[in-house]
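Working notes for the structure below.
Note that these values count all heavy atoms, side chains included, but never hydrogens, waters or copies made by symmetry. This structure is a prediction, so every number in the text was calculated from the model and none was measured. Proteins come first, then strands; the chains are lettered A, B, ... in the order of their sequence lines, and each starts at number 1.
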There are 2 protein chains.
Amino acid sequence: MGVVTGRKKPPTSQDVARLAGVSQSTVSYVLTGSRPISDGTRARVEDAIDKLGYHPNSGARTLRSKRSGVIGLMVPEAEADDGVLMVFIGEIAREARRHGYDILLVTAQEGAGGIRRVVRTGVCEALILMELGRFDERVGPVLDSGLPFVTLGKPEEFPQGSVVDLDFEMLGRMIVERAIEERCDRLLLFGAPSRKRERNDVSRFLDGIEDAAGEEELEVVLDTGPLAEVPDRALRLTAPNERTALFGINGVRQVLFAMAATGALVDDTRLFIALSGEDLVDVSPLLASVPQVDPRRVEISELAVRELVRLLQVDGAGPRITLVEPRWVEG
Amino acid sequence: MGVVTGRKKPPTSQDVARLAGVSQSTVSYVLTGSRPISDGTRARVEDAIDKLGYHPNSGARTLRSKRSGVIGLMVPEAEADDGVLMVFIGEIAREARRHGYDILLVTAQEGAGGIRRVVRTGVCEALILMELGRFDERVGPVLDSGLPFVTLGKPEEFPQGSVVDLDFEMLGRMIVERAIEERCDRLLLFGAPSRKRERNDVSRFLDGIEDAAGEEELEVVLDTGPLAEVPDRALRLTAPNERTALFGINGVRQVLFAMAATGALVDDTRLFIALSGEDLVDVSPLLASVPQVDPRRVEISELAVRELVRLLQVDGAGPRITLVEPRWVEG
DNA sequence: TTGTAGGCGTTATCAC
DNA sequence: GTGATAACGCCTACAA
């Protein structure tokens with residue numbers, strides 16, 4: 001067993017055909033299933049296939065059929081990531097495989113040009129765009145590529161692609177309701193609000209908040225200060241006998257820790273409501289004592305892929321919006 | 001501007017040739033640069049190319065040349081990820097693009113079969129394997145695929161592929177030295193040691209520790225308990241007038257927070273040494289006060305890609321091991 | 001139910 | 001320095 005330098009040439013459908021005693025096209029038909037095949041031949045072909053360890057050549061298949069079996073996934077810059085991204089990406093890759101597709105990474109850094117490239121060269125036959133902004137430069141190239149696509153995150157203008165996202169408006173309402181149930185006088189929203197105008201999810205969330213808080217006796221405070229000092233600021237806002245709920249779409253971990261550090265995680269003045277998730281494993285013991293909403297990232301990832309597969313495979317399938325409802329995590 | 005349903009067919013090199021008034025093969029030669037072309041024709045061809053917005057068809061190119069321009073990246077399961085993975089992946093994707101390659105995700109879940117698939121179908125012309133175990137089932141299929149590959153993480157037996165990784169042995173020595181410099185009597189290693197036999201990085205790290213601690217007056221304790229209680233256990237180990245250093249390859253954030261929560265981050269009895277990194281952005285204020293080692297993930301990612309490109313493009317290039325030295329982060 | 005054959009868009013080997 | 005031309009491996013009308 002020496003050093004193997006050259007790989008031996010992989011078998012072609014021609015080889016399979018020869019071994020099975022049929023024509024090359026029959027092999028192809030067995031594979032694509034686009035024509036009825038008698039049980040006898042099918043069996044012989046399949047035998048030959050795994051006797052040779054045959055896999056259809058992707059380049060040839062793509063060239064001929066225009067379908068590469070590859071979905072382009074445009075991921076945002078990872079700077080300051082907290083592990084959330086990886087949950088989406090991993091789940092998307094897994095679900096894609098279940099449907100026979102592979103995932104090709106396109107970094108947001110490449111921008112619109114990156115999209116044009118993978119589209120024109122034909123590497124990808126469909127796209128998933130993550131963390132879409134309200135007005136996103138990537139939408140243009142995607143639209144005139146004509147490729148089916150799904151966005152995670154709802155863009156401002158409804159595009160010709162499908163959308164899968166958390167129902168942030170409902171999330172807003174849920175938080176308000178919970179705060180009231182827990183007899184809070186005030187809801188402090190940390191972190192995200194400062195970027196309100198840039199991010200679609202935040203603005204929808206705030207819509208939900210306003211909607212639900214409008215007729216209630218709940219004061220809503222948008223906190224834009226440093227996350228580490230959120231608990232302190234909350235305390236200062238809270239008069240004796242009052243209670244303040246704390247929630248944020250981002251920065252959950254930081255604030256959670258700040259709460260814990262000051263021993264304020266469970267007291268009467270402040271109630272921390274957590275946007276939970278798989279990325280928070282390292283603080284999970286802390287989470288046990290507070291109410292949690294599940295942002296359902298796994299479900300969103302799966303739905304995104306399934307929706308794309310639908311656009312690809314069901315003909316006449318039009319784009320649609322799917323909003324996934326947040327869920328309270330049972331303690 | 002109505003609803004655009006059909007995408008118009010992209011231009012081929014044939015179209016470019018026609019527009020430039022040359023033969024199709026000339027266009028190809030301009031693109032690949034595998035034959036000298038006069039400046040005049042080159043200019044005309046390039047004009048035609050961007051007048052038409054031409055991009056070579058990837059399927060055809062792959063079919064003909066056996067080079068897909070795609071690198072398969074095998075990522076580990078993301079369960080309990082802390083954001084580290086995304087740093088690697090993002091950086092690898094970026095660096096790959098700089099060299100003209102794209103990254104295709106292969107989840108570790110697919111295991112050896114996944115490798116066989118991307119190899120046999122010809123989607124990938126090279127592979128990067130992340131978080132390789134000491135004895136990894138994926139190495140087999142990769143080896144007999146004959147494809148060039150790079151592993152992030154040094155496997156037990158030296159394979160025919162290249163290796164890029166942090167120099168964990170040196171890391172071990174650095175930690176011991178620092179602990180001694182800081183006049184610690186004891187080094188408590190949390191988290192990782194329990195899995196010593198499974199992970200190559202951990203065992204190399206411990207080798208370095210033993211190597212450096214052997215002749216010194218430093219007691220080394222392998223802590224396998226819950227991370228949240230590490231500071232407490234450290235305290236219990238520490239007699240009056242003694243000092244204990246704390247370090248771990250994993251679980252940095254948890255222990256860091258536990259230290260902060262008990263106000264022990266900067267005291268005389270315990271010294272926390274952090275394995276720093278981009279994933280810890282959300283605790284960065286806490287890091288300011290402790291010594292930090294940079295695990296150099298960005299550099300490792302870049303080197304992995306460059307190494308792979310070398311294997312692909314420099315002929316006769318053999319595999320080699322590259323260990324990146326950890327660095328103290330200057331405060 | 002199965003076989004024959006044309007062509008997808010490149011690359012690279014011949015010729016000139 | 002440039003132009004024809006033969007594959008690459010597969011899909012899919014068209015025949016039988």
### Message
What range of DNA chain C does chain B touch, first nucleotide to last, counting atoms under 4.0 Å from its heavy atoms?
### Response
C/dG9 to C/dC14
I'd like a table of atom pairs between the protein and nucleotides 14-16 of chain D - only N or O on both sides, under 3.5 Å - with the distance next to each one.
residue	atom	partner	partner atom	Å
D/dC14	N4	A/Arg35	NH2	3.2

### Query
Where the side chain of B/Arg97 meets the backbone of A/Val106, is there a donor-acceptor pair that is under 3.5 Å apart?
no
### Query
Is it the case that B/Ser23 and B/Thr26 place a side-chain donor and acceptor less than 3.5 Å from each other?
yes
### Message
Using OP1 and OP2 only, check whether a side-chain N or O of B/Thr26 sits under 4.0 Å from D/dG3.
### Response
yes
### Message
Checking contacts here: which listed nucleotide (D/dA6, D/dT2, D/dG9) is nearest the side-chain heavy atoms of B/Arg64?
### Response
D/dA6
### Message
Between A/Thr151 (side chain only) and A/Leu129 (backbone N and O only), is there a donor and an acceptor less than 3.5 Å apart?
### Response
no
### Query
Between B/Arg42 and A/Ser34, who's closer to the 5' end of DNA chain D by nearest nucleotide?
B/Arg42
### Query
Can a donor-acceptor pair be found between the side chains of B/Thr41 and B/Ser38 at a distance below 3.5 Å?
yes
### Query
When the distance from CD of A/Gln14 to C1' of D/dC10 is rounded to whole Å, what number comes out?
10 Å
### Message
Just N and O in the side chain of A/Lys9: are any of them under 4.0 Å from OP1 or OP2 of D/dC8?
### Response
no
### Shortest non-hydrogen separation from A/Leu311 to A/Ala317 and the atoms involved
CD2-O, 3.8 Å
### Task
Identify the residue among B/Val150, B/Ile71, B/Val87, B/Ile128 that makes a side chain to side chain contact (heavy atoms under 4.5 Å, CB included) with B/Ile92.
B/Ile128
### Message
What is the separation between atom CZ on A/Arg18 and atom P on D/dC10, rounded to the nearest whole Å?
### Response
12 Å
## Note on the structure
A/Arg67 CZ to D/dC11 P, in whole Å, measures 9 Å
### Nucleotide D/dC11, atom P - distance to CD of A/Gln24 in whole Å
8 Å
### Summary
A/Glu125 CD to D/dC11 P, in whole Å, measures 13 Å
#### Entry: Exceeds 12 heavy-atom contacts within 6.0 angstrom, atom CG of A/Asp39
no
### Given DNA chain C, 5'-ward residue of the pair A/Gly40 and A/Ala60, judged by closest heavy atom
A/Gly40
### Query
For the pair made of CG in A/Leu31 and P in D/dC11, what is the distance, rounded to whole Å?
7 Å
#### Entry: Any donor-acceptor N/O pair under 3.5 Å between D/dA4 base and B/Ser25 side chain
yes
